[in-house]
Amino acid sequence: MIVAAHERFVTGRPGGKRAVLKFVDLTGVDLSGRNLSDADLSASILDRAKLAVTNLERANLFGCDLRKADMRGARLVRADLRGACLQGANLTQADLTQADFRIGQIAIPHPSKGLSSATHESRHGQLDNAVLCGATFDGSQLNDASAYAADFTDCSLKGAKMTGANLKDAKMSGAILDGADVSGTNLEGADLSYAAMNGVDMGRARTSASTKLGGSIRAPSPEAMARAAGLLAQAQGNHAWCKTSGKEGRPANFDHQDMRPLGVQLRGLRLTALSAKAAIMVGMDLTGVHLQGANLEGADLRGAILRDADLRGARLAGANLTKADLRNCVIAPLPLGGSREAPGSLDHARVRYAQAQGSDLTGVILDGADVRGCDFTGACLTGASVHETDFQAAVGLDAARAA
């Protein structure tokens with residue numbers, strides 16, 4: 001009744017009332033998919049609670065016990081998790097953007113006198129052994145939090161504050177940490193292989209011989225920065241080649257180049273037939289770009305924004321599109337004249353935790369692609385080739401137009 005009244009409250013319907021459930025024992029409660037945005041659940045026990053896909057945006061979870069809770073796909077944007085315990089919780093693909101895990105002052109009620117004789121103690125956010133694969137922690141406050149042996153594989157931690165945090169033995173392979181503050185962070189034994197760490201000062205973190213950094217991507221080199229102007233000139237020449245039907249300019253070749261110094265400068269450009277094999281394009285904003293027939297095989301496009309992009313006939317075999325924004329993009333066949341056409345190709349690509357809602361994937365080749373956690377809600381998969389593609393861990397297939 002309280003939750004139903006709260007849902008009326010947040011939607012502005014009559015009879016609504018904000019949920020205030022402080023110091024309540026909700027062990028094992030099932031609130032999956034409910035809307036508890038702005039609710040006050042401070043200091044409550046939610047041990048082993050079912051909160052999958054629950055909306056907890058801006059919710060007050062100060063000091064909550066959320067051990068082993070199922071919070072897969074939950075929305076916790078700007079949630080107050082100071083002093084909360086999430087040991088062993090499953091937050092796979094949860095959105096914790098700007099969530100607050102800092103130290104909190106917790107009131108401990110007296111066994112018989114209750115809160116009138118409460119004692120207080122400081123607790124930091126606890127994520128030890130939590131499963132956080134594909135979750136988003138952009139701009140979150142993890143200062144002094146404990147996440148010992150937590151699984152941050154393929155997470156986005158852009159701009160996160162992690163000063164003094166304990167991430168000893170954490171799994172962070174493939175994570176995007178661009179701009180994160182790791183001053184004093186314990187990363188001893190952590191696996192940061194293939195992590196993107198532009199703007200991360202590892203010299204201020206605590207590391208050890210067992211810290212794995214193989215394949216990680218740091219800030220663009222001075223040489224890459226110096227090449228940026230020339231790369232932009234090539235892109236503009238490609239755009240002119242498209243606009244003048246080949247009379248001016250020519251298709252650009254960015255094979256093996258670090259494109260990150262270009263930032264947002266490729267947005268909306270017409271880059272048909274571009275070649276960017278094995279290029280580094282992590283986190284780039286490519287909104288609305290035209291990449292018909294482009295060769296992006298093996299490119300690193302983790303966290304890239306390709307929303308509304310035209311990728312008809314593009315070759316993305318083996319590309320890494322983990323956490324990429326593919327909403328409303330088109331990766332359908334490209335007409336070549338007559339009855340010929342070139343299909344879009346994502347065979348053996350990594351499309352983990354990507355946002356592909358509303359995308360047109362008609363006839364796309366997805367053979368052997370890793371699509372775990374990819375959201376296909378509203379996507380068109382008619383005629384797609386999906387040999388050896390495991391959709392078991394994909395999202396939104398029930399709301400997609402099936403292959």
Side-chain angles (χ1 to χ4, degrees), residues 238 241-242 245-246 251-255 266 268-279 281 284 286-302 304-322 324-397 399-403:
N238 201 147
W241 181 77
C242 294
S245 300
N253 189 317
F254 298 140
D255 293 351
L266 301 184
L269 288 187
R270 297 173 66 176
L271 301 173
T272 299
L274 166 146
S275 183
K277 293 184 289 185
M281 306 171 82
M284 290 187 66
L286 301 167
T287 303
V289 71
H290 292 243
L291 289 163
Q292 302 96 327
N295 189 343
L296 295 157
E297 294 175 353
D300 192 342
L301 287 150
R302 282 176 292 166
I305 302 172
L306 285 154
R307 191 168 186 174
D308 301 315
D310 188 342
L311 289 151
R312 284 177 295 166
R315 287 170 282 171
L316 289 147
N320 193 343
L321 290 143
T322 299
D325 186 349
L326 302 170
R327 286 177 289 179
N328 300 315
C329 77
V330 181
I331 316 181
L334 176 68
L336 298 176
S339 59
R340 297 184 306 130
E341 59 183 21
S345 176
L346 285 162
D347 59 289
H348 294 90
R350 292 165 67 97
V351 201
R352 297 180 182 179
Y353 311 111
Q355 300 176 69
Q357 299 98 312
S359 58
D360 185 353
L361 301 169
T362 302
V364 72
I365 299 171
L366 273 167
D367 299 343
D370 186 347
V371 296
R372 74 187 73 174
C374 182
D375 192 341
F376 290 103
T377 303
C380 179
L381 288 158
T382 303
S385 178
V386 292
H387 299 297
E388 298 181 1
T389 306
D390 186 359
F391 284 96
Q392 188 172 354
V395 177
L397 285 173
R401 284 167 279 176

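Just so it is clear, the structure is predicted and the values come from calculations on it, not from any experiment.
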message: Check whether Asp347 reaches the backbone of Ala349 with its side chain - one donor and one acceptor, N or O, closer than 3.5 Å.
response: no

task: Answer yes or no: is there a side-chain heavy-atom contact under 4.5 Å between Leu269 and Asn238?
output: no

message: Ignoring hydrogens, what is the shortest heavy-atom contact between Ala356 and Ala379? Give both atom names and the distance.
response: O-CB, 3.6 Å

field: Approximate separation, where rounding is to 0.5 Å, of Ile365 CD1 and Leu346 CG
entry: 9.0 Å

- prompt: Which atom names give the shortest non-hydrogen contact between Val364 and Ser345, and what distance separates them?
  reply: CG2-N, 4.3 Å

statement: Residues Ala276 and Ala299: closest non-hydrogen pair is O-CB, 3.8 Å

message: Please determine whether side-chain contact (heavy atoms from CB on, under 4.5 Å) holds for the pair Val371 and Thr389, giving the CA-CA distance in whole Å, both sets of side-chain angles, and the decisive distance to 0.1 Å.
response: CA-CA 8 Å; Val371 296; Thr389 306; 4.1 Å; yes

query: If we only count heavy atoms from C-beta on, is the Asp360 to Asn328 side-chain gap below 4.5 Å?
result: no

Non-hydrogen side-chain atoms of Leu306 and Val289 separated by less than 4.5 Å: yes

message: Go through it in stages, so that I can follow the logic: the residues are Gln357 and Phe376, the test is side-chain contact (heavy atoms from CB on, under 4.5 Å), and I'd like the CA-CA distance, side-chain angles, deciding distance and then a yes or no.
response: CA-CA 5 Å; Gln357 299 98 312; Phe376 290 103; over 6 Å; no

message: Counting C-beta onward and ignoring hydrogens, is there a side-chain heavy-atom pair between Leu296 and Met281 closer than 4.5 Å?
response: yes

query: Passes side-chain hydrogen bond (donor to acceptor under 3.5 Å, both in side chains), Ser385 versus Asp367? Steps please.
result: CA-CA 6 Å; Ser385 178; Asp367 299 343; 2.6 Å; yes

query: Gly396 and Thr377: which non-hydrogen atoms are nearest, and at how many Å?
result: CA-OG1, 3.4 Å

query: Rounded to the nearest 0.5 Å, how far apart are OG1 of Thr322 and CZ of Arg372?
result: 9.0 Å

message: Counting C-beta onward and ignoring hydrogens, is there a side-chain heavy-atom pair between Ile305 and Leu286 closer than 4.5 Å?
response: no

- prompt: Within a strict 4.5 Å, meaning less than it, do heavy atoms of the Val386 and Leu381 side chains meet?
  reply: no

- request: Give, for atom CZ of Arg352 and atom SG of Cys374, the distance between the pair rounded to the nearest 0.5 Å.
  value: 12.5 Å

message: I'd like to know whether Leu266 forms a side-chain contact (heavy atoms from CB on, under 4.5 Å) with Met284, so could you lay out the CA-CA distance, the side-chain angles of the two residues, the decisive distance to 0.1 Å, and finally the verdict.
response: CA-CA 9 Å; Leu266 301 184; Met284 290 187 66; 3.9 Å; yes

query: To the nearest 0.5 Å, what is the distance between CG (Leu326) and CG (Leu361)?
result: 8.0 Å

- prompt: For Ile331, which of Leu311, Thr362, Leu291 qualifies under side chain to side chain contact (heavy atoms under 4.5 Å, CB included)?
  reply: Leu311

- prompt: What's the spacing between Asn320 CG and Arg350 CZ if we round to 0.5 Å?
  reply: 5.0 Å

query: How about Ser275 and Asp255: does a side-chain donor come under 3.5 Å of a side-chain acceptor?
result: yes

field: Qualifying residue for side-chain hydrogen bond (donor to acceptor under 3.5 Å, both in side chains) with Thr272, from Arg312, Gln292, His290
entry: Gln292

field: Note, Val351 side chain near Asp370 side chain (heavy atom, < 4.5 Å)
entry: no

- prompt: Do Cys329 and Arg327 come close enough that some side-chain heavy atom pair is under 4.5 Å?
  reply: no

